[in-house]
2 protein chains.
Amino acid sequence: MREFLKTKGFKMTPQRELIFRSFFELTDHVSVDELYIKVRKKDSSIGYSTVWRNLKLICKVGLAEEVNVGDGITRYDHITKVPHGHLFCINCKKLIEFNVEQIIAILAQTASDKNFAPESFKIEIQGYCEECSKDNKSDSNGFSQKQQKLN
Amino acid sequence: MREFLKTKGFKMTPQRELIFRSFFELTDHVSVDELYIKVRKKDSSIGYSTVWRNLKLICKVGLAEEVNVGDGITRYDHITKVPHGHLFCINCKKLIEFNVEQIIAILAQTASDKNFAPESFKIEIQGYCEECSKDNKSDSNGFSQKQQKLN
DNA sequence: AGTCTAAATGAAAACGACTTTCATTTTCAA
DNA sequence: TTGAAAATGAAAGTCGTTTTCATTTAGACT
């Protein structure tokens, strides 16, 4: 990792090491806050902005990407070889991945038809996961939690 | 419109009338700021929060929905009968719609396979539109404009 | 090992879109 | 006409994100 970063002009530091490690240990999508909390448990002197900057850096060097489901929180997703879509549970905020090969093929064709040069694809289903759909039958008006309230 | 709102417990006002009219005149996706500017040209005494609240109201009564492409700006999209995806130009911020019937069918199946109860689908391609891809060959690292800068 | 420069850090402040508050005005049903 | 509920405008508040700035540190080069 140190060498990898060096080739891109970045230095390794103890803080960075810890942040990178912590991020790659996780398998799910993490927000800055979540990673900050996790990292703080190991080194409580690390600042929030350092965590933030390093997540941005991980994206910049191509090892993660931002996921934005519209609830106002940016999450960071490991970049895997296979592109995937997200099932986002409106209730428990869980993100579940699913395969989108077939869909990407269709989208690539769509873009091409419209002379649009695609950089990335976003495929997302919002709804209720298996657990949450058991109880949560009501309250589904299409607004996100945050936007639910209106006066 | 007045009657329609009345049935839902809302009142009509001159400001609301103007805001609704202005919104429905537009065919494209508008942000609060954009609508605020448009509305101000007709009545410069209208407040920003009134425009914001009325866009929320239009959503609430089911005539529009929020679109969030991850650039930090919420746009409001007219609800049409046909569901559609969005081509978002990273450069000029234009949103272009496209048909997604086939894809929705696949996604519905996917959700069903995972016992996920879908409420809405989001299908989006980020990239460069025909005009912008003519010059903008560089600068495509997957970051949105806003997130481009890092220190 | 010592020195230098660019990069990295932490704390705090700034930013910006969104949302709420509050005093006042307006709508509309009775 | 009148009163309760809803709507408005201005201003302030919220909150995740981003930048600033003074200081420290990494790593290249003597």
Side-chain angles (χ1 to χ4, degrees), chain A residues 1-20 30-37 39-40 43-61 66-76 93 143-151, chain B residues 1-20 30-37 39-40 43-61 66-76 93 143-151:
Chain A
M1 191 73 252
R2 182 180 227 93
E3 286 310 310
F4 172 72
L5 286 177
K6 193 185 293 181
T7 65
K8 308 219 171 199
F10 301 107
K11 297 172 178 173
M12 184 48 83
T13 66
Q15 294 92 333
R16 176 159 293 167
E17 169 112 36
L18 174 55
I19 294 166
F20 274 50
V30 78
S31 64
V32 182
D33 279 359
E34 287 164 351
L35 191 59
Y36 175 61
I37 288 166
V39 155
R40 275 245 156 187
D43 177 350
S44 65
S45 70
I46 289 188
Y48 178 92
S49 48
T50 299
V51 175
W52 177 80
R53 279 185 289 230
N54 276 290
L55 274 171
K56 286 287 188 188
L57 181 63
I58 293 173
C59 289
K60 190 164 203 172
V61 300
E66 305 193 332
V67 178
N68 203 305
V69 293
D71 67 345
I73 308 225
T74 302
R75 275 164 262 254
Y76 294 81
K93 314 294 180 195
F143 283 82
S144 78
Q145 201 83 341
K146 193 183 173 190
Q147 298 155 345
Q148 201 87 263
K149 215 182 337 169
L150 180 56
N151 278 335
Chain B
M1 191 74 250
R2 181 180 227 95
E3 286 311 310
F4 172 71
L5 286 177
K6 193 185 294 181
T7 65
K8 307 221 170 198
F10 301 109
K11 296 171 178 175
M12 183 49 82
T13 66
Q15 294 92 333
R16 175 159 295 166
E17 169 113 37
L18 175 54
I19 293 167
F20 273 51
V30 77
S31 63
V32 181
D33 278 0
E34 287 164 352
L35 191 60
Y36 176 61
I37 288 166
V39 155
R40 276 246 155 185
D43 177 350
S44 64
S45 70
I46 288 187
Y48 176 92
S49 47
T50 300
V51 175
W52 177 80
R53 279 186 288 231
N54 276 289
L55 274 171
K56 286 286 189 188
L57 181 63
I58 293 172
C59 290
K60 190 164 201 173
V61 299
E66 305 194 332
V67 178
N68 203 305
V69 293
D71 67 345
I73 308 228
T74 302
R75 274 165 262 254
Y76 294 81
K93 316 294 179 195
F143 282 82
S144 78
Q145 200 83 342
K146 192 184 175 191
Q147 298 155 343
Q148 201 87 264
K149 214 180 339 168
L150 180 57
N151 281 336

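Per chain, numbering begins at 1; letters A, B, ... match sequence-line order.
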**Complete:** B/Ile73 meets the side chain to side chain contact (heavy atoms under 4.5 Å, CB included) criterion, sequence neighbours left out, with B/Ser31, B/Asp71, B/Arg75
**Message:** So if I take every side-chain heavy atom of A/Asn54 and compare against C/dT9, D/dG16, D/dT8, which nucleotide ends up nearest?
**Reply:** C/dT9
**Asked** Counting any heavy atom closer than 4.0 Å, what does A/Ser31 reach on the DNA or RNA strands: base, sugar-phosphate only, or nothing?
**Response** nothing
**Prompt:** Do B/Thr50 side-chain and D/dA7 base share a donor-acceptor contact under 3.5 Å?
**Reply:** no
**Request:** In whole angstrom, give the distance that lies between atom CG of B/Asp43 and atom P of C/dT26.
**Result:** 13 Å
**Item:** From A/Lys60 atom NZ to A/Arg53 atom CZ, the distance as rounded to the nearest 0.5 Å
**Value:** 13.0 Å
**Prompt:** What residues, two or more places apart in sequence or in another chain, satisfy side-chain hydrogen bond (donor to acceptor under 3.5 Å, both in side chains) together with B/Ser44?
**Reply:** none
**Which residues share a side-chain hydrogen bond (donor to acceptor under 3.5 Å, both in side chains) with A/Arg2, sequence neighbours left out** = none
**Message:** Rounding to an integer number of Å, can you tell me how far A/Lys8 NZ sits from C/dA7 C1'?
**Reply:** 17 Å
Would you give me the side-chain donor-acceptor pairs under 3.5 Å for residues 5-14 of chain A, sequence neighbours excluded?
residue, atom, partner, partner atom, Å
A/Lys6, NZ, A/Glu3, OE2, 3.2
A/Thr7, OG1, A/Phe4, O, 2.6
A/Thr13, OG1, A/Arg16, N, 3.0

**Side-chain heavy atoms of A/Val32 within contact of A/Thr74, under 4.5 Å** = no
**Asked** Got A/Tyr76 and A/Lys56 here, is their nearest side-chain heavy-atom distance under 4.5 Å?
**Response** yes
Using atom names, set out every protein N or O paired with an N or O of nucleotides 27-29 of chain C below 3.5 Å, distance rounded to 0.1 Å.
residue, atom, partner, partner atom, Å
C/dT27, O3', B/Met12, O, 3.4
C/dT27, O2, B/Lys11, NZ, 2.7
C/dC28, OP1, B/Met12, N, 3.1
C/dC28, OP2, B/Arg2, NH2, 2.9

**Proximal nucleotide (of C/dT9, C/dT20, D/dT17) relative to the A/Gln15 side chain** = C/dT9
**Item:** Heavy-atom pair with the smallest gap, counting every atom of B/Leu18 and B/Asp43
**Value:** CD2-CB, 3.6 Å
**Request:** Give me the bend of the helix from C/dA1-D/dT30 to C/dA30-D/dT1, using the axes of the five pairs at each end, rounded to 10°.
**Result:** 20°
**Asked** Rounding to a whole Å, what distance do you find between A/Ile19:CD1 and C/dA7:P?
**Response** 18 Å
**Asked** Does a distance-only test, which skips hydrogens and angles, find a donor-acceptor pair under 3.5 Å between the side chain of A/Arg53 and the base of D/dT20?
**Response** yes
